[in-house]
Chemist: 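Structure in structure tokens, see below.
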Amino acid sequence: MPKHIRSAWIRTLGQLAAVLVVALLLGWAIGYPWLVVTVVALAVVAWHYWRLRKLLLRLTARQRFEPAHGEGVWNELDRLLYRSQDEMRSRKRRLLDILRAYRAAAAALPDAVVVLERNTQRVVWFNKAASKLLGLRYPADQGEPLGEKLQPLPMAHWLAAGRNAEPILDAPSPVDSNTRLNLRLIPYSDEYWLLVARDVSKLLRLEQVRRDFVANVSHELRTPLTVVHGYLDMLDPDDTPEWKPMLVEMQKQSQRMTQLVEDLLTLSRLEAQDTLPDENVSMAPMLATLRREAEALSQNHHRIVVEDTAGVDLWGSNKELHSAFSNLVSNAVRYTPADGTITIAFAGEEGGGAVLSVRDTGYGIPEAHLPRITERFYRVSTSRSRESGGTGLGLSIVKHVLNLHQARLEIESEVGQGSVFSIHFTRERVHPRDDETPAATPDALTA
Ligand code: ADP
């Protein structure tokens, strides 16, 4: 027991003993010692009850305790209660200050922040930027379902996806369609979600400027290059043997530059498109074309195998899908040493989709490079790519074409063993093959 409490107890018990002794003496003086002691003891008990009642009343009324000055256990109890009340109050004040500071920080954020109730998707709180970017009004929109408030945005569907909702990368603001927003949903607790909307108009404009710049430069380079290339083609290196090595190199480099410009223009064109025509892509003639191209490129140095077991055709753009497929086939031939095997397979997938895969037995790609391999100009080996006539843009084009077809590229590779590039098409992109000819068996098509 702490010292001051012990001394309060001793003092209270001492006072009680003193009162009882005085009462006994007084009682003896008047001839009724025990009667007087009993009355006085009852009075002491009554006084304690009165203090206890006072304390209970104060506690139930949540009254503020005053700092007590007297001695004894009751005053000590008052003092303790005053101190704990005081501590609680300052802790509450500190917490409130922190809460206010957080709210002020969230309110001052340049991004729109909206706190939603998870089950009802009603707005619990939002900051100033949410008024500016999403058009929410305080207090009218507090407690309202967010989906209704942001009508033009595909909110209902998106919010329903909840935890699995992919960020919306580019959506017009309901306030001003020129403002483009990036929206993400963060389920930060079991009860609440956070919706964060960022104004990405400037970023998208910059991206557009970059795209236009690349497209314009490529376009401007095309004409002079065609002229240079044309004249170089007219010169026969055998006519001037002393110039032969230079002419051959110039022809090779101008060919490379032309291919580079063409690839850059293809990429710019693909980037500017949101959708492509949905034509019937007949896979049997497509596979036959791919085989011819592979054979022409390989010049009998590789074994080319075509397997077609899917029995379905695709919906999409014939031209762009052919460009994507032939990019993969040309890579397989270029990055596989002589005597290797290239297998082009088109097969059905579980769930109704289809997969076109190009397998080679070539150099393979170290795993560390795989995540970046589809970036523009990303090469595992620059010299090998240049030697084989690559521009470093092939897989970028493939990725863009596939995005426009909602298809997915999967790459598996082992250094020294070979690589498999598989394009997975969803069920929506697949339809039964029209012609009556049965799907060719792998053996029948093997070269
Ligand atoms: P490039 O024009 O250089 O071939 P791509 O975008 O088509 O450019 O490919 C990027 C890089 O990926 C290539 O430089 C090469 O290093 C690697 N690569 C692509 N396909 C294969 C393959 N089938 N086997 C090995 N490496 C490959």
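None of the values given here were measured: they were computed from a predicted structure. FYI, the numbering just counts along the sequence from 1. All ligand and atom numbering here is 1-based and tracks the order in the structure.
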Chemist: Any heavy-atom pair between the side chains of His400 and Ile397 that's under 4.5 Å?
Modeler: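 They are not in contact (no side-chain heavy atoms under 4.5 Å apart), so the answer is no.
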Chemist: What residue and atom, counting heavy atoms only, is the protein's closest point to atom 5 (P) of ligand 1, and at what distance?
Modeler: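 For this ligand atom, the closest protein heavy atom is Leu395 N, 3.6 Å.
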Chemist: Checking a contact table here: which protein heavy atom is nearest atom 16 (O) of ligand 1, and how many Å away?
Modeler: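 Checked against all protein heavy atoms, atom 16 (O) of ligand 1 sits closest to Val380 N, 3.1 Å.
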Chemist: By number and element, which atoms of ligand 1 are closer than 4.0 Å to a non-hydrogen atom of Gly394?
Modeler: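 Result: 5 (P), 6 (O), 7 (O).
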Chemist: Are any of the N or O atoms of Asn331 closer than 3.5 Å to those of ligand 1?
Modeler: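 Yes, there is a polar N/O contact under 3.5 Å.
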Chemist: Checking Glu307 against Arg359 for the salt bridge (charged side-chain N to carboxylate O under 4.0 Å, His left out) test, could you report, in this order, the C-alpha distance in whole Å, the side-chain angles of both residues, the deciding distance, and whether it holds?
Modeler: CA-CA 11 Å; Glu307 295 173 357; Arg359 177 189 299 271; over 6 Å; no
Chemist: Report, in ascending order of atom number, the atoms of ligand 1 lying under 4.0 Å from any heavy atom of Ser419.
Modeler: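 Answer for ligand 1: 24 (N).
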Chemist: Could an N or O of ligand 1 be found under 3.5 Å from any N or O of Phe421, whether backbone or side chain?
Modeler: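 In fact, backbone or side chain, Phe421 has no N or O that close.
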Chemist: Could you check atom 26 (N) of ligand 1 against the protein and tell me its nearest heavy-atom contact, residue, atom and distance included?
Modeler: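 Ranked first by proximity to atom 26 (N) of ligand 1 is Ile365 CG1, 3.3 Å.
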Chemist: Is the closest side-chain heavy-atom distance between His301 and Ser298 below 4.5 Å?
Modeler: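 The answer is yes, as the side chains (C-beta and beyond) meet within the 4.5 Å cut-off.
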Chemist: Could you list the atoms of ligand 1 found under 4.0 angstrom from a heavy atom of Gly390?
Modeler: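 Going through ligand 1 atom by atom, the ones under 4.0 Å from Gly390 are 1 (P), 2 (O).
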Chemist: Quick one: nearest non-hydrogen protein atom to atom 3 (O) of ligand 1, plus distance?
Modeler: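 Minimum-distance protein heavy atom for atom 3 (O) of ligand 1 reads Ser385 OG, 2.5 Å.
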Chemist: Just by distance, no angles: are the side chains of Glu191 and Ser189 close enough, under 3.5 Å, to form a donor-acceptor pair?
Modeler: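 Short answer, no.
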Chemist: Please write down residue, atom name and distance for the protein heavy atom closest to atom 8 (O) of ligand 1.
Modeler: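 Residue, atom and distance for the closest contact: Gly392 CA, 3.2 Å.
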Chemist: What residue and heavy atom of the protein are closest to atom 4 (O) of ligand 1, and at what distance?
Modeler: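 Going atom by atom, the protein heavy atom closest to atom 4 (O) of ligand 1 ends up being Tyr335 OH, 2.7 Å.
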Chemist: At a 4.0 Å cut-off, with the gap strictly under it, does some heavy atom of Arg334 reach an atom of ligand 1?
Modeler: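 Arg334 counts as a contact of ligand 1 under the 4.0 Å cut-off.
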Chemist: In terms of residue, atom name and distance, what is the protein heavy atom nearest to atom 23 (N) of ligand 1?
Modeler: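 Protein heavy atom at minimum distance: Asp360 OD2, 2.9 Å.
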Chemist: Shortest non-hydrogen contact from Leu185 to Trp158?
Modeler: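 Minimum heavy-atom separation between Leu185 and Trp158: N-CH2, 3.6 Å.
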Chemist: Considering only the protein, which heavy-atom contact is closest to atom 10 (C) of ligand 1, and what is its distance?
Modeler: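 Atom 10 (C) of ligand 1 sits closest to the protein heavy atom Tyr378 O, 3.3 Å.
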Chemist: Heavy-atom contact under 4.0 Å between Asn327 and ligand 1?
Modeler: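 Judged by the 4.0 Å heavy-atom criterion, Asn327 does not count as contacting ligand 1.
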Chemist: Would you say CZ of Arg180 has more than 12 non-hydrogen atoms from neighbouring residues, nucleotides or ligands within 6.0 angstrom?
Modeler: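 For Arg180, atom CZ is crowded (more than 12 foreign heavy atoms under 6.0 Å).
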Chemist: Can we say Glu262 and Arg222 salt-bridge, meaning some charged N sits less than 4.0 Å from an Asp/Glu carboxylate O?
Modeler: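 Salt bridge between Glu262 and Arg222, a charged N being under 4.0 Å from a carboxylate O: yes.
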Chemist: Closer than 4.0 Å to some heavy atom of Thr391 - which atoms of ligand 1 meet that?
Modeler: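 Counting atoms of ligand 1 from 1, those under 4.0 Å from Thr391 are 2 (O).
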Chemist: Would one find an N or O of Ile373, backbone or side chain, under 3.5 Å from an N or O of ligand 1?
Modeler: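 Such a contact does not occur with ligand 1.
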Chemist: How about Arg103: does its CZ atom have over 12 heavy atoms from other parts shown lying under 6.0 Å from it?
Modeler: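 No, the 6.0 Å shell around CZ holds no more than 12 heavy atoms from other groups.
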Chemist: Should you measure from each heavy atom of Arg379, which atoms of ligand 1 turn up under 4.0 Å away?
Modeler: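 Under 4.0 Å from Arg379, ligand 1 has these atoms: 3 (O), 14 (O).
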Chemist: Taking atom types as modelled, find out whether Glu320 and Ser323 have a side-chain donor-acceptor pair closer than 3.5 angstrom.
Modeler: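 Ser323 and Glu320 do not have a side-chain donor-acceptor pair below 3.5 Å.
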Chemist: Can you check whether Tyr82's main-chain N or O pairs, donor with acceptor, with Asp86's side chain at less than 3.5 Å?
Modeler: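 Looks like no, no N/O pair under 3.5 Å.
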Chemist: Is the shortest distance from a heavy atom of Tyr363 to ligand 1 less than 4.0 Å?
Modeler: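 So Tyr363 does not count as touching ligand 1.
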Chemist: Does the plane of the ring in Phe325 sit parallel, tilted or perpendicular to the ring in Phe425? Use 30° and 60° as the thresholds.
Modeler: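 The arrangement is perpendicular - the two ring planes meet at more than 60°.
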Chemist: Take atom CZ of Arg79 as the centre, draw a 6.0 Å sphere, and report whether it contains more than 12 heavy atoms from other residues, nucleotides or ligands.
Modeler: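 Yes.
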